[in-house]
Engineer: 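One structure, pasted below without further comment.
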Amino acid sequence: MEEAPPPPDTKKAEESSTTASSRKLDPEATVPMKTEAEGESPESSSEVEDEELQDEEEKPEVAAKARQKVQASLEAGVKHPYPDWKPGEPVPYAALCKTFSLIELTTKRLEIMAHCSLFLRQVLRLTPDDLLPTVLLMINKLAPDYAGIELGIGESLIMKAIGETTGRSLAVIKQDQKEIGDLGLVAVKSRSTQPTMFKPKALTIRAVHKGLMSIATMTGNGAQGRKVDSIKKLLSAADANSSGKVDITKDKGGPSEAKYLVRFLEGKLRLGLAEKTVIVSLAQAMVAHEAAQKGKVPSTSDIEKSESILKAVYSELPSYEVIIPAMVEHGILNLREHCKLRPGVPLKPMLAKPTKAITEVLDRFEGQTFTCEYKYDGERAQIHYVAKDTGESLSQSTSSATKEVGKGVASIFSRNSEDLSKKYPDILAKLPTWVKEETKSFVLDCESVAWDVQEKKVLPFQQLMTRKKKDVKIEDVKVKVCVFAFDLLYLNGEPVVEKSLRERRELLYKSFTPVEGEFAFATAMNGQELDEIQTFLDESVKASCEGLMVKMLDGEESGYEPSKRSRNWLKIKKDYLSGIGDSLDLVVLGAYHGKGKRTSVYGAFLLACYNPGTDTYETVCNIGTGFSEAVLEELHKALSQIVIERPKPFYAHSSGGQHQPDVWFEPRYVWEVKTADLTLSPRYKAGMKEGVDPSGEKGISLRFPRFIRVRDDKKPDEATTSRQVAEMYRKQESVTKSKGPAVDDDFEY
DNA sequence: TTCGCGGCGTC
DNA sequence: CTCGGAG
DNA sequence: CTCCGAGGACGCCGCGAA
């Protein structure tokens, strides 16, 4: 169907100034791909005709074919981009970096996957013990999220380490970062100006993982200094075998170890490769490896089967610590039997796709039954519980998270699988009051929402956020929380994710008892008509919710399958529908240099509203989304013309050194911006003197601001005024206030 | 001991 | 969380 | 459609300087 992926450097007749590296892959890679592309006929002989030895002839599904094409081509020439190391020895970090570099140089997803899985195969073949750390380094992790291991390293410490390792001043490093927009490349550049003194031992994946892990676990006095020292050690050992200077404008800096070390520390590999792709690649690698051990080539159907197995298993049991050993031991095709959903290990929650109108929802679900639920404005919470008197036990891989609760043990996880058990001891303490006697084990999908005990209603998200996060004692919980449950994934020893939502919901209602202010079922409605939905949406907003979730109710499609049908739920948020009410016209006061793919343009901007009373511009938010690449180019061109040395005296902005934009502008351009909500802000100044904040210290800012368009027709002094912003804030507050009209007095809380 | 700042999580 | 780009 | 990586406000936490 498609042209074979061109080699990375197919610049026409660009002389033979080739880099050795980009060459390497070409001969083996392109030749078989092209020949195969020839034989394309729109056929559907469906069945996989014999795999081995005749991969030239089969004509399966088009997509699968394309995929296998790349896969096969990379395997055909057995030659790996990085030569084999000795079997059983630790995997060289350089080998991983070589793969990273190849991945980084293409945007083709099939090619990325091919590079990735080819390398994983090599690891499986030579040093399978290193598979786990290899995968972890690929997805920029050190351990599962619920382990709570954080590097505690940011840009500033990395810059310090780079400076000290290479003998360059911090100021120079900072300057480079502004221009280059990638600390990894800054590290490469810094290093290449420094002749290598002597060669330390080459880094291995194991050693890097260990080193990073030790950085992550450092605490206490002088921890930052020790972290910097450790980084310096790693950086000094990086690229031991590289020869001299590297041109960072070429091949994105090449396979430099320092570059990827730094990017790992930043938490962004920026390869175009992330977890989803790694999982698929891992499946491909595994199935190919298993076949190779029998002297075979995997069949297309086995490849597809493996991919779907691993995806499904991962979505139910997202723990490489469990999956990888099980996979190596039992084979990937048997993985399902060994890795099932189990209480104690958080599973990936199902996510929803944003929707712009109710009609869009109706289109999507045409001919199917669906259901609507309030979308609560809180924090996703996955509650796991196992009663002691059952045969089961809460998986011990999270033992620190579990808590004794009533007659069982329980834990709570966040949307991103972080352990929230220490944050919500109050939920866990009350859990026995809403779990029915006959309910012995479960995994619940819910939203925890701040709760006003007096008024018996939900409070805004900003309130929830002020809760303590660590070592919370039930006695000093200030912000009460109510759990709103909307799905059930596991019940009494059995996963129920494959049942329809209608069935799961029935089980949910049957297994738990609502307790006011502690536990409730998400308000739901099964009406299918547009006006019913509209009414329900209005009600949800009045009840301080963000809008609605709309979900398929019956049939296979309604199963809980995070990875496969990840966007099978829809969300309707009020700010999409309510039109101009959430739209502001703001003045551009400053900008920030972009990073990564925004290098060389402004990546974000500082916006303000206008205060006609004082004739000042009061900052209200930064903005960095909603721009197309073309628009960013134009804006950079236009705005760089009106850069000024320092902010105008009539700019009201935060004085914190941290919050200053990289450049300031004349007040000239007005942009239309959309927002979901207005928030009280410690940082921004908008409407500060309008009496919105009782303490008079806070301004107003925007939640989820995004760029809509340039307002050429407006002058800066025609922008949204501070008073208007304040009015919007008051209006938003009044929607949820208990008494109907006009509650605009300033008694708060 | 207190406070500012950077990191990291939530949305 | 929102958004745009690539495949 | 899926996946990825640009970017947002905000508040707790830990470290280190004041």
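All chains are named by letter (A, B, ...) in the order of the sequence lines, taking the proteins before the strands, and each is independently numbered beginning at 1.
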Engineer: One thing to verify: whether Lys423(A) and Glu379(A) come together as a salt bridge, which I'm taking to mean a side-chain N less than 4.0 angstrom from a carboxylate O.
Structural biologist: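 Here Glu379(A) pairs with Lys423(A) in a salt bridge, since their nearest N and O are under 4.0 Å apart.
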
Engineer: Any side-chain N or O of Lys597(A) below 4.0 angstrom from OP1/OP2 of dG5(C)?
Structural biologist: no

Engineer: Looking at Tyr376(A) versus Phe461(A), is the centre-to-centre ring distance below 6.0 Å?
Structural biologist: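 No.
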
Engineer: Is there a donor-acceptor contact under 3.5 Å from the side chain of Thr675(A) to the main chain of Asp677(A)?
Structural biologist: yes

Engineer: In residues 618-632 of chain A, what donor-acceptor pairs under 3.5 Å come from side-chain atoms, sequence neighbours left out?
Structural biologist:
from, atom 1, to, atom 2, distance (Å)
Glu618(A), OE1, Gly687(A), N, 2.8
Glu618(A), OE1, Ser722(A), OG, 2.6
Glu618(A), OE2, Asn611(A), ND2, 2.9
Thr619(A), OG1, Ala652(A), O, 3.4
Asn622(A), OD1, Tyr592(A), OH, 3.3
Asn622(A), ND2, Tyr592(A), OH, 3.2
Ser628(A), OG, Val631(A), N, 3.2

Engineer: Salt bridge check: are Arg711(A) and Asp585(A) linked by an N-O gap of less than 4.0 Å?
Structural biologist: yes

Engineer: Regarding Tyr602(A) and Asp662(A), is there a side-chain donor-to-acceptor distance under 3.5 Å anywhere?
Structural biologist: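 Side chains of Tyr602(A) and Asp662(A): no pair found under 3.5 Å.
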
Engineer: Is it true that the side chains of Tyr684(A) and Ser654(A) contain a donor and an acceptor less than 3.5 Å apart?
Structural biologist: no

Engineer: Please figure out whether Lys423(A) or Leu157(A) has its closest DNA chain B nucleotide nearer the 5' end.
Structural biologist: Leu157(A)

Engineer: Does a donor on one side chain and an acceptor on the other come within less than 3.5 Å for Gln368(A) and Glu557(A)?
Structural biologist: no

Engineer: Identify, with sequence neighbours excluded, every residue that meets salt bridge (Lys or Arg N to Asp or Glu O under 4.0 Å) alongside Lys480(A).
Structural biologist: none

Engineer: Could you tell me the separation between the CD atom of Glu275(A) and the P atom of dC3(D), rounded to a whole number of Å?
Structural biologist: 11 Å

Engineer: Roughly, in whole Å, what's the span from CG in Leu586(A) to P in dA9(D)?
Structural biologist: 12 Å

Engineer: Give a yes/no on whether any side-chain N or O of Arg270(A) is located under 4.0 angstrom from OP1 or OP2 of dG5(D).
Structural biologist: no

Engineer: In whole Å, I'd like the distance from the CD1 atom of Ile708(A) to the P atom of dG8(D).
Structural biologist: 16 Å

Engineer: Within the structure shown, what part of the strands sits under 4.0 Å from Lys268(A) by heavy-atom distance: base, sugar-phosphate, or nothing?
Structural biologist: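 The answer is nothing, as Lys268(A) stays clear of every strand by at least 4.0 Å.
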
Engineer: Just checking Glu475(A): does its CD atom have more than 12 heavy atoms from other residues, nucleotides or ligands closer to it than 6.0 angstrom?
Structural biologist: yes

Engineer: Distance check needed: dC3(D) P versus Leu273(A) CG, whole Å only.
Structural biologist: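 From Leu273(A) CG to dC3(D) P: 13 Å.
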
Engineer: Checking Glu672(A) against Ser583(A): is there a side-chain donor and acceptor pair closer than 3.5 Å?
Structural biologist: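 There is such a pair between these side chains.
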
Engineer: Charged N to carboxylate O under 4.0 angstrom, Lys551(A) versus Glu373(A)?
Structural biologist: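 A salt bridge links Lys551(A) with Glu373(A).
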
Engineer: Please figure out whether Ser156(A) or Phe461(A) has its closest DNA chain B nucleotide nearer the 5' end.
Structural biologist: Ser156(A)

Engineer: Please list residues of residues 618-626 of chain A whose heavy atoms come under 4.0 Å from any atom in DNA chain C, ordered by number; otherwise none.
Structural biologist: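 Per residue number, the list reads Thr625(A), Gly626(A).
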
Engineer: Quick check for you: name the first and last nucleotides of DNA chain B, 5' to 3', having an atom under 4.0 Å from a heavy atom of chain A.
Structural biologist: dG6(B) to dC11(B)

Engineer: Rounded off to whole Å, could you give me the CD-to-P distance for the Glu155(A) and dG7(D) pair?
Structural biologist: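 Going from Glu155(A) (CD) to dG7(D) (P), I get 10 Å.
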
Engineer: Is Tyr592(A) touching bases, backbone alone, or none of the nucleic acid, heavy atoms closer than 4.0 Å?
Structural biologist: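 Here Tyr592(A) touches no strand at all.
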
Engineer: For Phe704(A) and Ala630(A), find the nucleotide of DNA chain C closest to each by heavy atoms; which residue's nucleotide sits nearer the 5' end?
Structural biologist: Phe704(A)

Engineer: Return the value, rounded to whole Å, for the distance between atom CG of Leu632(A) and atom C1' of dG5(D).
Structural biologist: 13 Å

Engineer: Generate the contact string for nucleotides 10-18 of chain D. Rules: B means base contact, S means sugar-phosphate contact only, - means no protein heavy atom under 4.0 Å.
Structural biologist: BBSSSSS--

Engineer: Is the shortest side-chain N/O distance from Arg109(A) to OP1 or OP2 of dT2(D) below 4.0 Å?
Structural biologist: no

Engineer: Quick check on DNA chain C: between Thr107(A) and Lys356(A), whose nearest nucleotide comes earlier from the 5' end?
Structural biologist: Lys356(A)

Engineer: According to the side-chain hydrogen bond (donor to acceptor under 3.5 Å, both in side chains) rule, which pairs have a member within residues 260-272 of chain A, sequence neighbours left out?
Structural biologist: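 side-chain hydrogen bond (donor to acceptor under 3.5 Å, both in side chains) check on residues 260-272 of chain A returns Glu104(A)-Tyr260(A), Glu104(A)-Arg263(A), Asp182(A)-Arg263(A), Asp182(A)-Arg270(A).
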
Engineer: Over how many whole Å does the gap from Ile103(A) atom CD1 to dG7(C) atom P extend?
Structural biologist: 15 Å

Engineer: Using a heavy-atom cut-off of under 4.0 Å over every strand shown, decide if Gly378(A) touches base, sugar-phosphate, or nothing.
Structural biologist: sugar-phosphate

Engineer: At under 4.0 Å, does any side-chain N or O of Lys571(A) touch on OP1 or OP2 of dT2(C)?
Structural biologist: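 Result: yes.
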
Engineer: To the nearest Å, how far apart are Arg598(A) CZ and dG4(C) C1'?
Structural biologist: 9 Å

